[in-house]
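Please read the structure below before turning to the comments.
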Number of protein chains: 2
Amino acid sequence: MKIKIFDVKQITKYVIKNSLKRIFLYRACLVRLKLMGVKKVFSYTLANETGVTADQVRKDFSEFGIKGNKRGGYEVEELLEKMENIFHRNKDHNLVLIGMGNMGLALSKYSRFVQRNMNIVATFDIDPFKQKIRSDIPVYSMGRLKEIIDRFRVKVAILAVPEISAQEVADELIRFGIKGIVNFAPVLLKVPADVVVNNVNLCDELESVIYYVHKMMKVDGLKNIEILYRDMKY
Amino acid sequence: MKIKIFDVKQITKYVIKNSLKRIFLYRACLVRLKLMGVKKVFSYTLANETGVTADQVRKDFSEFGIKGNKRGGYEVEELLEKMENIFHRNKDHNLVLIGMGNMGLALSKYSRFVQRNMNIVATFDIDPFKQKIRSDIPVYSMGRLKEIIDRFRVKVAILAVPEISAQEVADELIRFGIKGIVNFAPVLLKVPADVVVNNVNLCDELESVIYYVHKMMKVDGLKNIEILYRDMKY
DNA sequence: TTTTATATGTGAATCTTCTCACATAAATGC
DNA sequence: GCATTTATGTGAGAAGATTCACATATAAAA
Ligand SMILES: NC(=O)c1ccc[n+]([C@@H]2O[C@H](COP(=O)([O-])OP(=O)(O)OC[C@H]3O[C@@H](n4cnc5c(N)ncnc54)[C@H](O)[C@@H]3O)[C@@H](O)[C@H]2O)c1
Ligand SMILES: NC(=O)c1ccc[n+]([C@@H]2O[C@H](COP(=O)([O-])OP(=O)(O)OC[C@H]3O[C@@H](n4cnc5c(N)ncnc54)[C@H](O)[C@@H]3O)[C@@H](O)[C@H]2O)c1
């Protein structure tokens, strides 16, 4: 893993940093607080609401270059704005979704993406029948993929096609300029080094819960549970 | 976060360990290799197929107490069996799914859960109309939740209800003996310490890809990309 | 204005995870 | 049957993440 060349396709196994995941939690919390009319927060407020420590909150802010007011905490509004900038949320993001099967359909109807400035501008499917399904978002044949990606300057795609087609479709997406893929198919895609892939594997998510539940049921004392917690990166 | 008491509800923020995630990758790879008729693997085979280093594979095996044959690698069959045991896959796991909206419907139709010994024995919805939707799996009213959980000894639930109802439904599930929840609603649930919650937040998954794509597009030299990779825990 | 109380921001310490390196065991070849 | 080759398994060292601890700035109080 020392030498990386852009043109060589390779398995991508990006893992989202925990600090970034936590930042998302803080933001969700801030949005709620703002709606409630709260003007100021402290690191321990966010900590309580998100199940982390206050130290961690401040350290995370430090990592992302976010500064508050000594002794005065953070202005909710200001903090949110800083985060919007970090996450490029001041601008809209156009997405395409490939595969209008069960999962694709659900995702295409999910209103929260739009609420967060992420617009699925079009969906695609190889099956002409799927292309007739009623949806707020147009369903096109794969032939129009390049045209739409160019027109809407799409950089990120959601991939919800069967496992068997995932690599082939990913190759096409990348050829047309896609730089980021959220992949729901349970395969590791081979992509050039400058393409970001986030694999969402729901089977694994379920199985890990089953795994931890089994572990938990074997535990009884409080001391043991502490060890188990560590094992789960609580 | 030092003192934990079972009866006090708290925000749970379990994070699945990366080593466990990698074990899932190895297993998926082994299943494929077995289908292809491969009998023996080496740590570097798995490494190549999953985008990690051979050292890491062996270290992970070491953590989970998996041993191979010196110089001889690992028997695919034997290795898979050991993993099945670790993940309790020799027995079936009964699940319930709450919320037969867009997401719930997609999940209820996902055949891979069954392939992996995870059976959604019943789904539930508050809406009588949803209860009439055609599905292979029965859709019940919430009134029958306890009965089904007891009958099928269900320990793990999939939660796909709107954000606003998620906590309330989770409370009910836990009251009826559920010990693990895969939560699709974008809220952190407050649960007793012996209940495992895995939050799947698809907005966050998307946003993090957008975040990394932006970062990637600012990078051009190979040296910088190395730093970026580190930042993404490649 | 001065004092006091308190929350931030960040190095240092600790704990965890990953990488490296190599002794070791066992197949293969001679 | 002995030498050689090669992959494992694991300590040791490096890198990374989290927690601790406290100097510092500043809002609030007096
Ligand atoms: N359904 C779920 O809940 C679920 C959960 C997790 C993961 N997944 C994964 O998501 C993917 C889709 O799952 P699904 O349940 O929606 O499957 P599905 O079969 O319902 O849908 C797949 C869709 O992709 C289309 N398609 C097939 N090949 C294509 C191609 N080459 N180009 C464009 N479109 C193509 C099909 O016409 C179909 O509409 C699968 O990889 C699956 O493993 C699904
Ligand atoms: N649709 C998606 O692609 C998607 C993606 C990510 C996350 N989610 C999340 O998953 C959850 C469900 O999303 P959705 O799109 O399926 O929404 P939806 O509105 O289509 O479905 C929600 C279902 O839950 C049922 N419900 C509501 N209150 C209930 C209660 N108290 N008990 C039992 N059932 C109840 C409703 O009748 C409805 O059928 C939401 O929290 C959403 O944020 C959805």
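Remark: Glu63(B) CD to Arg22(B) CZ distance equals 8.0 Å, nearest 0.5 Å.
Residues passing the salt bridge (charged side-chain N to carboxylate O under 4.0 Å, His left out) test with Arg175(A), sequence neighbours excluded: none. Taking Glu205(A) as the reference, nothing meets the salt bridge (charged side-chain N to carboxylate O under 4.0 Å, His left out) condition, with sequence neighbours excluded.
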Item to check | Criterion salt bridge (Lys or Arg N to Asp or Glu O under 4.0 Å) on Glu77(A) and Lys34(A), from CA distance to verdict | outcome: CA-CA 7 Å; Glu77(A) 190 87 36; Lys34(A) 188 184 168 185; 3.3 Å; yes
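Taking only side-chain nitrogens and oxygens, Lys59(B) never comes nearer than 4.0 Å to OP1 or OP2 of dC20(C). Note on Ser43(A): a side-chain N or O is less than 4.0 Å away from OP1 or OP2 of dT8(C). Checking the phosphate oxygens (OP1, OP2) of dT19(C), a side-chain nitrogen or oxygen of Gln56(B) falls inside 4.0 Å. Remark: Thr53(A) is in phosphate contact with dT19(D), judged by side-chain N or O atoms under 4.0 Å from OP1 or OP2. At dT18(D), none of the side-chain N or O atoms of Arg58(A) fall inside 4.0 Å of OP1 or OP2 (strictly under the cut-off).
Within 3.5 Å, a donor on the side chain of Lys70(A) pairs with an acceptor on the base of dT8(C), or the reverse.
Ring planes of His88(A) and Tyr211(B): tilted class, angle from 30 to 60°.
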Between N or O atoms, less than 3.5 Å apart, protein on one side and nucleotides 3-6 of chain D on the other: list the pairs.
from, atom 1, to, atom 2, distance (Å)
dT5(D), O2, Arg71(B), NH1, 2.7
dT6(D), O4', Arg71(B), NE, 3.3

